[in-house]
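Chain letters run A, B, ... following the sequence lines, proteins first, then strands; residues in each count from 1.
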Amino acid sequence: MEPTADQLLASGDDPAWYRRAVFYELPVRGFYDSDGDGIGDLAGLRAKLDYLEWLGIDCIWLLPFYPSPLRDSGYDISDFFSVHPDLGTVGDLVALLEDAHRRQIRVIGDLVLNHTSDQHPWFVESRSSRENPKADWYVWNDDDARWPEARVVFVDVETSNWCFDAQRSQYYWHRFYSHQPDLNYENPEVVEAMLEVVRFWLDIGLDGFRLDAVPYLYQRDGTTGENLPETHALLQRIRKEVEAAYPGRVLLAEANQWPTDLVDYFGDGDECHMCFHFPLMPRLFMAVRREQRFPITEILAQTPDIPEGCQWAIFLRNHDELTLEKVSEEERDYMVREYVKDPRMSRHMGIGRRLAPLLDGDRRLAELLYALVFSLPGSPVIYYGDELLMGDNLYLGDRDSVRTPMQWSPDRNGGFSRADFAQLYLPPVMDPVYGYQALNVEAEQRKPTSLLHWIRRMLQARRQYPVFGTGAMEQVQCPNPSVLAYVRLDDSHDAGAAEVNPVLCVHNLSRFAQPAWLELGRWAGRVPMEVLGRVPFPVVGEGSYGVTLGPYGYYWFDLVGSESLDSEVDPDGSPPAFDGDVTAAVAPLPSVFLEGRG
Amino acid sequence: MSVSAPGGVSGSGRGDVRAPSSGPRQGDPAQERSLAGLVAVLAQRLSRRVPATGDGAFGPTGADGLARHGYEPAALEPSEASVEVQEVQVLRSGRPGLLDVVATVNGSTLHLAIGLRSPGDEVHLLAGASDPVLGLYEDGHGLAVAVDALCDAEIALWLVEEVMPSSAEQVPYVRLMGTDPSSTRLAAGDSYVLTIFHTLCDGPNPGVELLVALDEAGFNHIPAPLARWRHRSWDLGLVQEQLSGASPGTAVAEASLRDLYEAGCDPAEAGGDFASEAGALGTMTARMHLALDSAFGRRAGNPASWAQSVSSAVSLAEPDLADRPDVVAMLEAMRALPFPCTEIRVHGDLHLGRVCRTEQGWYVWDLMWPDAAAEGRVLPGIPAPETTAGQELDATSTASPLQDVATMLWCLSTLAAAAAGGHDPADERGTTKLAEAWERRNRRAFLSGYLNVPGILGIVPPDRGAIRTITSALELRRAAIERLRSLSALEAEAAPSYDSGDPTGTLP
């Protein structure tokens, strides 16, 4: 008997699950408040697993849930072995994991290797003197002149990567905020301590980690301190540890780098299982604004192949700003010009907006972008609320604008919490366009034509075609620059395996209707079966294949071979029971019989 | 990349298949006659093909411009044609068989591929092909039905296999990309394109020479030539890489205009802004000119003769315009240019229909035979630029590099105006102003992309004023030529059929 997904989950027998999974990113704090204190918690998330199961996601990614002074949304961790008291206890997390696993949903958590909060006892001890057991756990120096090549990440807030500590009369190194001192991985004790953190959470049952800010773990003279070999060696060490004791768990790297540097985080398949494809994301937005495919195809062309068993994580928006670090200066100007309608939208080196306001609430455009993210190579990551096209609140500081409470219902506080409004960790969005009164899960679930239902349907369709997760991608030639077409296909050449139908995806990046002439010669004789409705389109011939696309239109076609056609509707419209010679109906070439005449 | 002789042509490898029967068989006048009849029929069919125009060139019926010169077959009747078969290569003997024929038809040298099939055979036609049967043919293998080899899916694939370099990957299928009287283009799988030249010139094909020279000069914004199919002194065909993910420049620019006219804002603010594309196009154009300069050298040009050619074209196209004071002043300024004005080999008709955008940037996908001679033919009234004695280069094949620049600027202007006319015919939404703003912005971007390439000031005058004078004058000339083309019955050739509008519109 086939093992159930539950058994697979438990036994780790499906080690490549993350290649087919759809991820859902959420801050526990903002999802659902179970105890009425105005702050979302682990028990609240557990109560809303029904919803996530209904939606059809495979893995939850929890933003940092550790104790923290919360000066950087929890990425400033002050204790790696516990849960922030606002969110619950380690026991609550265990209960969540058990419940989620029962529903075949996996859970991964954020882990910050690079730094701690300055409140962390390790740092408190380290800064107390130059001679103490933790004196070398952080990166100290007598002056602030070392490593001038290393760039300052948060250029709008920080002026230097060094910060003077009066207590110890030395400078400490920080790649991000000055309240986030970098750990010193030159010290083997630090490496050991962090491995202990990894083991602790995997023992509890977490299915893996999203590793925050991995490029910066080491510093070297004369370098920018990014992507150093030592950093890769450490990640390989962690992977080895995970592989040996916790097979089937996943490491997902956050490295905002160019594709050629990014792939190094896969190692030879011995480093991280997954990496976010950062450069792709802004180019999706650029392509629809330019109404041409080149921003996307250029970055895909620059993306090297990744090792066997690895996978990209692709996304439209996340908890951070729409980062513009990995685009050219000209492209950055373009993006800012096109998408930043208000200076408050600028955050660090990017645009602090949710998906819906970025698209001016355009439902068709949202569908198009989701169709791209669900069909391009990589596992899609949905940011909580973006399945509703939730709005943001620009008047909240830093990145809080996109971390407002999930909007569950038109009730008080959007159904997020029974607490007094004033008690909420952040106010819910209440503007006339995106406010919870109009835009919430209850309303969207009740409305069969909502984007929420559409996403659920697309995820169902996506599950039917594993090539979306594991297949290769081949671009299809099309002279219309506003059309992006590609085929996802199984190129594993597994001799014994049954043939998997390739899936043709066609997208119109323009707000105007477009014709697409596709060169599908390789697939001549196949019948494109539209995936959602199983509607057969005319058989593919040798010549260019014409498809008409509405504004921001898209199609997914199952390219059905003629031999498997008789089980389905014949392209000529014959009934399903049609048992005649199917190949005659799909002969791709016109032919003539030669007469012996002069 | 060096160009290697295709396997089948060098005489090695599969050459033995055809070696014994090379040339029409002596002593079999009947067979020779019958072949001549087939050639006459096929030549007539070729002559009736509609040549491709700018946009359509990318569509399913498009064609390459490589061989678009010299021969313009009159619509001849097979019975009237004078045919002399010069050369027959048996690329495959037996049935089905494949003959490659070079023949003189009414004075022009034609190259044709003829397939031989047994009567009763089923022929799969390539999509877009029709009417394959040419007539009957008889040889040592008996009676055959002769077909146009480039219509027959199976035989066309053999021809492609014959010509492909031995290093090439297996070609899974052949697709007809385009055809016109002078050439047929076949896509060989997803990786290659084979152009078969039907009209041959004596000696090497200048378009091929240009392409190869550019490739060897390191200019890689062209579909790389991979193998040259030669026989005796003729270029019979060329294998090139197939550009992946390419869109014609006109389509990219039109997408930008469509967006702008809908948005109705400053082109710099519009999402579909074309300026970065125009800049990259300018850079590519300059790099092409530097490569042409290094491959073919340069010679001193004579601005006075340039001015003469402008004024001839304008007088023909729009006689009143030639006397307008600003035109006269412009030509005067051109004659009086105090700078050395270099001529190089140029593309000749570099407009947006001849370039395409790929994920590797802009490519010149359609290389023209240098246009001075061609225009002399199309427009008999326009004298070719004067020759300067003692120069190595053929005077008719050189021009100011700014001629290509002017053509592109002219194209930006006509495209914007034509699109505005389509979107907003009565100009109720102020689209004409938007078109002008788009044109200004993209001209500037193209020019600065062009002029910022290091070294380019070695072949164009190092003075903005001089550049402006020359470019404006040549742009006017290009507009006049377009007007003449659209007026003229000789129009059938090459150029895109933009609504050329008022040539005065391009004056500064």
Side-chain angles (χ1 to χ4, degrees), chain A residues 285-302 328 330-331 333-335 337-339 474-486 509-512 514-515 517 519-522 524 541-546 587-598, chain B residues 37 55 58-60 62 117-133 135-136 143 145 147 153 172-177 187 189-190 242-249 251-252 254-256 258-259 262 268-274 276-277 279 356-361:
Chain A
F285 291 93
M286 211 180 292
V288 292
R289 203 48 77 104
R290 285 199 186 280
E291 304 207 353
Q292 47 151 284
R293 65 171 174 267
F294 299 109
I296 300 173
T297 55
E298 277 171 356
I299 203 69
L300 291 177
Q302 290 166 29
S328 71
E330 186 192 337
E331 289 169 324
D333 291 347
Y334 177 83
M335 287 295 288
R337 196 167 67 223
E338 291 305 317
Y339 287 105
E474 260 178 26
Q475 204 191 146
V476 174
Q477 304 258 35
C478 174
N480 187 334
S482 297
V483 173
L484 172 62
Y486 43 85
L509 304 169
S510 163
R511 70 184 118 161
F512 305 106
Q514 297 284 344
W517 288 103
E519 297 308 338
L520 292 176
R522 186 178 159 186
E542 285 233 321
S544 304
Y545 189 81
L589 295 169
S591 59
V592 290
F593 289 93
L594 299 172
E595 293 168 33
R597 60 170 167 77
Chain B
D55 281 358
F58 259 88
R117 285 200 168 263
S118 306
D121 265 6
E122 187 186 0
V123 174
H124 288 300
L125 295 184
L126 288 175
S130 61
D131 207 12
V133 178
L136 291 179
L143 191 70
V145 178
V147 296
Y173 65 93
V174 172
R175 176 166 57 83
L176 195 57
M177 291 177 81
D190 294 327
Q242 201 177 111
L243 296 182
S244 97
S247 287
V252 180
E254 277 163 357
S256 163
R258 204 176 286 142
D259 172 73
E262 184 68 18
E269 303 291 322
D273 183 22
F274 190 69
S276 59
E277 302 287 358
C356 64
R357 176 74 156 88
T358 75
E359 49 250 43
Q360 267 78 44

- Task: Take B:S276 and A:R290, measure what side chain to side chain contact (heavy atoms under 4.5 Å, CB included) needs, and give me the verdict at the end.
- Result: CA-CA 11 Å; B:S276 59; A:R290 285 199 186 280; 3.7 Å; yes
- Message: For B:A187, which atoms come within 4.5 Å of any heavy atom of chain A: side chain, backbone, both, or neither?
- Response: neither
- Atom pair CD/CD of A:Q292 and B:E277 - distance to nearest 0.5 Å: 5.0 Å
- Message: Please classify the contact of B:R357 with chain A as side chain, backbone, both or neither, using a heavy-atom distance under 4.5 Å.
- Response: both
- Please round to the nearest 0.5 Å and tell me the distance separating atom CZ of A:R293 and atom OG of B:S247. 3.5 Å
- Message: I'd like to know if the side chain of B:E359 reaches the main chain of A:F294, judged simply by a donor and an acceptor atom lying under 3.5 Å from each other, with no hydrogens or angles considered.
- Response: no
- Message: To the closest 0.5 Å, what do you measure between CD (A:Q475) and CG (B:D190)?
- Response: 11.5 Å
- Query: Any idea which heavy atoms bring A:P479 and B:P248 closest together, and the distance?
  - Reply: O-CD, 3.3 Å
- With a 4.5 angstrom heavy-atom cut-off, which part of A:Y334 approaches chain B: side chain, backbone, both or neither? side chain
- Query: What part of A:T297 is in contact with chain B, defined as an atom under 4.5 angstrom from a non-hydrogen atom: side chain, backbone, both or neither?
  - Reply: both
- Message: If I compare all heavy atoms of B:Q360 with all of A:A301, which pair ends up nearest, and what's the gap?
- Response: NE2-CB, 4.2 Å
- Message: Minimum heavy-atom separation for B:E269 and A:E338, please, with both atom names.
- Response: O-OE2, 2.7 Å
- Task: Check each atom of A:R522 against the heavy atoms of chain B and say whether the ones under 4.5 Å are side chain, backbone, both or neither.
- Result: both
- Distance from A:Q477 atom CD to B:L243 atom CG, nearest 0.5 Å? 8.0 Å
- Message: Does any backbone or side-chain atom of A:E474 lie under 4.5 Å from a heavy atom of chain B? Answer side chain, backbone, both or neither.
- Response: neither
- Heavy-atom contact with chain A under 4.5 Å, split by part of B:S130: neither
- Query: When you check the gap from the basic side-chain N to the acidic O, do B:R258 and A:E291 get nearer than 4.0 Å?
  - Reply: no
